[in-house]
Amino acid sequence: MGNETVLRIAIQKSGRLYEDSVQLLKECGIELRNVKDRLRTVSENFPIEVFFLRDDDIPEYVEDGVADIGVVGQNVLAEKNRKVDTVEALGFGKCRLSIAVPKTEEYKGVASLEGKRIATSYPHLVKSFLAEHKVTAIIHEISGSVEIAPGIGLSDVIVDLVSSGGTLFMNGLKEAEIILASQAVLVARKNLDEEKIAILDKLLFRIRAVKKAKKSKYVLMNAPNDQLENIISLLPGMRSPTILPLANEGWSSVHSVLSEDKFWEIIEKLKAAGAEGILVVPIEKMIL
Ligand code: PRT
Ligand code: ZN
């Protein structure tokens, strides 16, 4: 790539955010070769260089300017408390940092943690949560397998990440209170120069198009002409739905875009209004 400016992005080397991070870049049309077993790689078709790092190190590397931007969980970002800007929520890596207590115990609120031993990998977040609630407890920082701590007598409760809740359940624990809801975000270092901001804007434009497309479906259906007006009124479309005559007299083909949150509701109304042969197609990119 010669001396052209490249934007350096840090993503997780392996683990829960790796696949989705690489997939996101791919969906943005950014080609990366040989991503496995590499520390860094430069894209051939977009001015970006990818660094593969441990997720815990990403906020620091971005703050220090070793990388310009990074993909990291809000949980790690909040714990590390580095001076970086969050530029976009990415919608994957969703989880929550929660207080979990033994299944057999009744949880009576934050105040009941007074004097208790809490095992966690998130000492700073736990400390500030307790301070906020004016509770004093003993924090045991452990780096992995936090969920076994109560079982081996190391702590009374834990604060750990939860997604399905299966891990807690298998260890005789239950989720008692959420401290932080988290997902992966794109962060950027402060004071990026103009050229890098221009590349970041280009990347963000693509990321938003991909995100938007994931939330939307392209819908095609056949509609009796005497019901067209009614059917069209149910459809938002990007501007308005597309109507094409069918060879079959008295019928039209109606095309539109529906957002996922309203999808089923609208489909039911369309059927009730006489729409037939409804096809639902995923959208790859959506540029508005
Ligand atoms: O090696 P490196 O340091 O990079 O990776 P890591 O082992 O520290 O992190 P990794 O890959 O486990 O997680 C990376 C990020 O994924 C986290 O920082 C979160 O932002 C996000 N994430 C999303 C999760 C989970 N979901 C999750 N369920 N991270 C961890 N878990 C663990 C949790 O700690 C518990 O052990 O999964 C278990 C619970 O899962 P359930 O489904 O049984 O509730
Ligand atoms: Zn980590």
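We use all heavy atoms of the structure for the numbers below, so side chains are in, but hydrogens, waters and symmetry mates are not. Every number for a ligand or one of its atoms is a count from 1 in the order of the listing.
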Report the part of [X] (side chain from C-beta onward, or backbone N, CA, C, O) that has a heavy atom under 4.0 Å from ligand 1; answer both or neither where that applies.
| X | result |
| --- | --- |
| Leu161 | both |
| Asp160 | side chain |
| Leu17 | side chain |
| Gln12 | side chain |

Is there a side chain to side chain contact (heavy atoms under 4.5 Å, CB included) between Cys28 and Val210? Walk through the geometry before answering. CA-CA 7 Å; Cys28 288; Val210 170; 4.2 Å; yes

Considering just N/O/S atoms, say which atom of Asp55 is closest to the Zn ion (ligand 2). OD1

What is the name of the N/O/S atom in Asp56 that sits closest to the Zn ion (ligand 2)? OD1

Can you figure out which of Asn75, Val185, Leu168 has its heavy atom closest to atom 17 (C) of ligand 1? Asn75

Judged on heavy-atom distance to atom 12 (O) of ligand 1, which of Gln74, Gln183, Lys94, Arg16 sits nearest? Arg16

Whether Glu175 and Arg96 form a salt bridge (side-chain N of Lys/Arg under 4.0 Å from carboxylate O of Asp/Glu) is what I want to check. yes

Salt bridge present between Lys80 and Glu60 (N-O < 4.0 angstrom): no

Would you say CZ of Phe51 has more than 12 non-hydrogen atoms from neighbouring residues, nucleotides or ligands within 6.0 angstrom? yes

Taking the inter-plane angle between the rings of Phe52 and Tyr18 on a 0 to 90° scale, is it parallel (under 30°), tilted (30 to 60°) or perpendicular (over 60°)? tilted

